[in-house]
**Student:** 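Sharing a structure below in structure tokens format, with a few things to ask.
Just so it is clear, the model here is predicted, and its values are computed rather than measured.
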Amino acid sequence: MATGRAGVLVDCDGTLLDTNYLHTLAWSRALREVGAWAPMNAIHRLIGMGGDQLVPELIGHPLEGVNEAHDRRYAELKSEIRPFPGAGRLLRRIHEAGLIVVLASSASEDDLEDMRKALDADDAIDAAINADDVERSKPDPAIFLTAREKGDIDPALTLAIGDTVWDVRAATAAGMGCVCVESGGSSRHELTEAGALAVYRDVEELGDQLTTSPVGVLAAHRVR
């Protein structure tokens with residue numbers, strides 16, 4: 001058996017908070033601001049990537065000023081940030097089960113701070129990583145690898161929780177399993193096909209079924 005601390009790396013946008021469609025709208029407005037355009041359905045399918053990867057994937061090349069435009073447009077929508085029902089409860093249940101909880105987000109430091117305020121669950125959060133802590137965002141594994149290191153978690157005792165195929169791909173590349181929720185707008189089929197260990201409707205359902213979930217199994221087998 002591996003020795004060390006067991007923990008869970010938790011995505012924020014679309015997983016703990018209902019923000020994916022706010023980001024879709026912000027990117028749409030930002031693109032128009034710099035003279036570009038893409039349909040919102042195409043933008044939404046890439047939410048979960050950081051801007052360093054989303055824009056080139058969306059239109060084929062980087063765009064000067066678009067990331068800054070996104071940040072301004074998203075700031076206009078921040079009053080609409082809401083945590084999903086059960087988000088804080090899930091973090092507390094994971095923490096109370098003896099697992100390290102690390103937020104692992106592709107958001108900026110300021111955006112993550114705003115999400116933490118909305119969650120109001122810092123008592124259950126051991127550490128947090130944002131896009132400013134790494135050179136490349138998801139689906140690159142850097143965020144999950146850095147989050148695992150910051151939480152001092154045993155690689156053999158680590159799981160990720162996310163809402164997009166980009167979370168699953170990043171977790172897989174980092175050598176860990178990923179549990180997913182559908183609340184970000186990706187379907188159970190898409191997430192399962194990407195390699196998710198299990199898929200739940202949202203964090204409330206995951207919290208209700210935590211004991212029998214892969215997270216519960218990890219907690220049951222962690223080194224005490």
Side-chain angles (χ1 to χ4, degrees), residues 1-17 48 83-84 86-107 109 111-113 115-134 137-164 166-181 183 195-200 202-224:
M1 179 180 290
T3 59
R5 306 204 305 173
V8 179
L9 316 178
V10 190
D11 174 64
C12 294
D13 283 305
T15 301
L16 297 173
L17 300 106
F84 286 114
R89 172 175 169 263
L90 174 67
L91 295 179
R92 291 186 176 94
R93 287 203 64 193
I94 295 172
H95 186 75
E96 290 164 2
L99 299 173
I100 302 301
V101 176
V102 183
L103 299 185
S105 174
S106 291
E109 182 177 7
D111 287 350
L112 181 57
E113 182 62 29
M115 288 191 284
R116 291 182 69 161
K117 289 178 182 176
L119 282 169
D120 191 24
D122 274 359
D123 55 300
I125 298 168
D126 296 290
I129 291 293
N130 62 71
D132 300 332
D133 295 315
V134 296
S137 62
K138 300 170 190 171
D140 189 275
I143 284 178
F144 283 143
L145 291 171
T146 303
R148 185 174 67 192
E149 181 179 355
K150 188 166 185 178
D152 190 25
I153 302 169
D154 189 320
L157 297 170
T158 309
L159 283 176
I161 299 177
D163 68 295
T164 69
W166 317 118
D167 291 313
V168 181
R169 291 180 185 177
T172 300
M176 63 188 71
C178 189
V179 176
C180 285
V181 290
S183 50
L197 296 178
V199 180
Y200 298 85
D202 50 30
V203 287
E204 188 167 44
E205 182 176 77
L206 174 56
D208 289 342
Q209 300 181 26
L210 192 67
T211 302
T212 58
S213 75
V215 178
V217 173
L218 176 64
H221 290 85
R222 70 184 177 86
V223 176
R224 300 179 184 276

**Student:** Report yes if the side chains of Leu103 and Ile129 come closer than 4.5 Å at any heavy-atom pair, otherwise no.
**Tutor:** no

**Student:** Quick check against the 3.5 Å criterion: does Asp120 have a side-chain atom that pairs as donor or acceptor with the backbone of Lys117?
**Tutor:** no

**Student:** Asp11 side chain to Ile161 main-chain N or O, any donor-acceptor pair under 3.5 Å?
**Tutor:** no

**Student:** Just to verify, what does Gln209 make a side-chain contact (heavy atoms from CB on, under 4.5 Å) with, not counting sequence neighbours?
**Tutor:** Tyr200, Glu205, Thr212

**Student:** So, Asp167 side chain and Thr164 main chain: donor-acceptor pair closer than 3.5 Å or not?
**Tutor:** yes

**Student:** Side chains of Leu16 and Met115: does their closest heavy-atom pair fall under 4.5 Å?
**Tutor:** no

**Student:** Examine distances only and state if a side-chain atom of Arg148 and a backbone atom of Ala174 form a donor-acceptor pair shorter than 3.5 Å.
**Tutor:** yes

**Student:** Could you pull out all residues at least two apart from Leu197 that satisfy side-chain contact (heavy atoms from CB on, under 4.5 Å)?
**Tutor:** Leu159, Pro214

**Student:** Answer yes or no: is there a donor N or O on one side and an acceptor on the other, between the side chain of Ser213 and the main chain of Leu210, under 3.5 Å?
**Tutor:** yes

**Student:** Which pair of non-hydrogen atoms, one from Ala128 and one from Lys150, has the smallest distance, and what is that distance?
**Tutor:** O-NZ, 3.2 Å

**Student:** Could you pull out all residues at least two apart from Asp202 that satisfy salt bridge (charged side-chain N to carboxylate O under 4.0 Å, His left out)?
**Tutor:** none

**Student:** Is it the case that the side chain of Arg5 and the backbone of Asp154 share a donor-acceptor pair, with hydrogens and angles ignored and the cut-off at 3.5 Å?
**Tutor:** no

**Student:** Any side-chain to backbone donor/acceptor pair from Asp132 onto Glu109? Under 3.5 Å, distance only.
**Tutor:** yes

**Student:** Would you find a donor on one side and an acceptor on the other, under 3.5 Å apart, between the side chain of Ser105 and the backbone of Leu112?
**Tutor:** no

